[in-house]
Protein chains: 2
Amino acid sequence: MKSLHDMPEGTASASVSLDRLFELAEVLGAMMARGVAERGLTTARAGLLWALLHDGPMTQRTLAARLGVTPRNVTGLLDALQADGLVAREAHPSDRRATLVSLTEKGRTVTAALRGGRNSMAAELFGDMTATQLEAFQGGLEVVIERLRAMR
Amino acid sequence: MKSLHDMPEGTASASVSLDRLFELAEVLGAMMARGVAERGLTTARAGLLWALLHDGPMTQRTLAARLGVTPRNVTGLLDALQADGLVAREAHPSDRRATLVSLTEKGRTVTAALRGGRNSMAAELFGDMTATQLEAFQGGLEVVIERLRAMR
DNA sequence: GCTACATAGTGAAGTCACTTCACGATATGC
DNA sequence: GCATATCGTGAAGTGACTTCACTATGTAGC
């Protein structure tokens with residue numbers, strides 16, 4: 001079972017790299033969950049706020065599509081965020097079925113803090129790299145991401 | 001809000017790299033969830049099987065520690081895995097409070113398939129890299145993982 | 001030996017993210 | 001004007017997790 005000849009050349013070290021990738025995903029996920037929890041959020045709710053920060057006010061339907069989840073799920077997330085005063089549901093100007101969701105003042109404050117945290121995290125992780133190193137690393141990641149997406 | 005002078009030198013590109021990292025974590029997670037679902041599993045259950053594959057039969061308590069979850073949670077995961085015939089709960093030889101969990105024949109078959117899938121995924125991702133390139137990439141990942149762990 | 005205390009697993013109850021299905025309210029095509 | 005698609009949400013359910021309480025068993029200390 002542990003023979004070196006069970007696998008084609010190079011598979012073992014490629015598997016180690018993949019293990020590292022999974023490890024990274026795990027650590028990163030835990031990291032983010034913790035950071036976000038410190039501000040009274042969950043990753044799902046933070047993701048929603050993040051979407052609003054980047055793309056501005058949106059319909060719930062659009063939000064669902066952007067997050068890749070069911071519209072029903074968005075309803076639930078918004079209920080919580082609205083109860084915390086982070087988002088507001090307003091009437092859509094031209095479609096009375098739809099709801100326009102936007103960040104409240106408090107929501108903007110919280111997302112700004114999240115962004116700040118993210119930036120200092122990035123600085124701590126990559127701050128001492130040269131622009132060249134950084135670009136190389138980033139390029140490698142992009143290749144991997146690209147291939148992963150192509151794999152489906 | 002979008003001024004180039006809001007942040008210290010280099011922060012912007014570091015943030016882009018971090019974004020890539022998060023993107024990678026997301027894609028990788030989705031990928032794994034799908035692969036594992038094709039075999040009738042969830043990531044949590046697959047993680048448990050994986051632990052058993054690597055470290056052999058274990059106590060539920062040990063399993064909980066190894067997975068970083070509550071013992072109670074392990075009970076639930078095992079209930080499902082046992083119902084599917086993938087693991088077996090045996091009496092611990094020396095401690096009558098404890099339960100020894102091990103893979104069944106079917107469990108070994110499934111984990112072998114999972115490992116095969118992982119290996120071919122690794123091959124597809126990294127197969128065309130030279131050993132040198134691979135080592136460089138892996139080294140970069142390890143640095144990042146290390147720093148992330150140190151960050152808590 | 002017995003008592004005191006720690007440890008292994010599990011029932012009960014609850015949270016969070018997510019889903020499907022059904023339904024009422026509105027928009028839209030013809 | 002009417003059929004039909006679309007927007008949001010109630011109801012119900014799943015899976016991964018948690019805490020808390022409880023039973024059964026191991027382990028000291030005396």
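Order of the sequence lines fixes the chain letters, A, B, ..., with proteins taken first and strands second; residue numbering starts at 1 for each chain.
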Notebook entry, point to check: To the nearest angstrom, how far is A/Arg96 atom CZ from D/dT6 atom C1'?
Noted result: 15 Å
Item checked: Stepwise side chain to side chain contact (heavy atoms under 4.5 Å, CB included) check, B/His92 with B/Arg97 -> CA-CA 8 Å; B/His92 190 287; B/Arg97 295 167 304 176; over 6 Å; no
Margin query: Nearest to the side chain of A/Arg61, heavy atoms from C-beta on, is which of C/dA27, D/dC7, D/dC17?
Written below: D/dC7
Margin query: Return whichever of A/Asp95 or A/Asp79 has its heavy-atom-nearest nucleotide of DNA chain D closer to the 5' end.
Written below: A/Asp95
Next item on the list: With heavy atoms under 4.0 Å as the rule, sort B/Thr43 into base, sugar-phosphate or nothing.
Entry: nothing
Note to self: Among C/dT26, C/dT10, D/dC17, which nucleotide has an atom closest to any side-chain atom of B/Thr70?
What the structure shows: D/dC17
Next item on the list: Let me know the distance between CG of A/Leu81 and P of C/dC16, rounded to the nearest Å.
Entry: 12 Å
Check: Between A/Lys106 and A/Asp84, is there a donor-acceptor pair closer than 3.5 Å when you use the side chain of the first and the backbone of the second?
Finding: yes
Check: So, the side chain of A/Arg147 versus the backbone of B/Leu125: is there a donor-acceptor pair under 3.5 Å, distance only?
Finding: yes
Note to self: Need the bend value for the helix from C/dG1-D/dC30 to C/dC30-D/dG1: angle between end axes, 5 pairs each end, nearest 10°.
What the structure shows: 20°
Check: Between the base of D/dG10 and the side chain of A/Arg72, is there any donor-acceptor pair under 3.5 Å?
Finding: yes
Next item on the list: Could you tell me whether the side chains of A/Glu90 and A/Ser102 share a donor-acceptor contact shorter than 3.5 Å?
Entry: yes
Notebook entry, point to check: Should A/Glu38 and A/Arg34 be marked as a side chain to side chain contact (heavy atoms under 4.5 Å, CB included) after you check the CA-CA gap, both sets of side-chain angles, and the distance that decides it?
Noted result: CA-CA 6 Å; A/Glu38 276 168 9; A/Arg34 199 175 56 84; 3.0 Å; yes
Check: Between A/Met58 (CE) and D/dC7 (C1'), how many Å, whole number?
Finding: 16 Å
Note to self: Rounded to whole Å, please give me the gap between CG in B/Leu49 and P in D/dA16.
What the structure shows: 12 Å
Next item on the list: Measure from the side-chain N and O atoms of B/Arg108 to the backbone N and O of B/Leu103, and report whether any donor-acceptor pair falls under 3.5 Å.
Entry: yes
Check: Taking CD from A/Gln60 and C1' from C/dT26, how many angstroms apart are they, rounded to a whole number?
Finding: 15 Å
Notebook entry, point to check: Taking only side-chain nitrogens and oxygens of B/Thr42, does any of them come within less than 4.0 Å of OP1 or OP2 of D/dG15?
Noted result: no
Check: Expressed in angstrom and rounded to an integer, what is the separation of B/Leu78 atom CG from D/dA16 atom C1'?
Finding: 14 Å
Check: Hey, does the side chain of A/Thr104 reach the backbone of A/Gly107 with a donor-acceptor pair shorter than 3.5 angstrom?
Finding: yes
Note to self: I need the CZ-C1' distance between B/Arg97 and D/dT27, as an integer number of Å.
What the structure shows: 8 Å
Margin query: Here's a test of your reading of the structure: between B/Thr75 and A/Pro71, which maps to the more 5' nucleotide of DNA chain C?
Written below: B/Thr75
Item checked: DNA chain C contacts among residues 82-94 of chain A, heavy-atom distance under 4.0 Å -> A/Ser94
Check: CG of A/Leu41 versus C1' of C/dT15: gap in Å, rounded?
Finding: 16 Å
Margin query: Please determine whether the number of non-hydrogen atoms from other residues, nucleotides or ligands lying under 6.0 Å from atom CD of B/Gln133 exceeds 12.
Written below: yes
Check: So, for A/Arg45 and A/Ala80, which heavy atoms are closest and what is the spacing to 0.1 Å?
Finding: CZ-CB, 3.5 Å
Margin query: Can you tell me if A/Glu135 has over 12 outside heavy atoms packed within less than 6.0 Å of its CD?
Written below: no
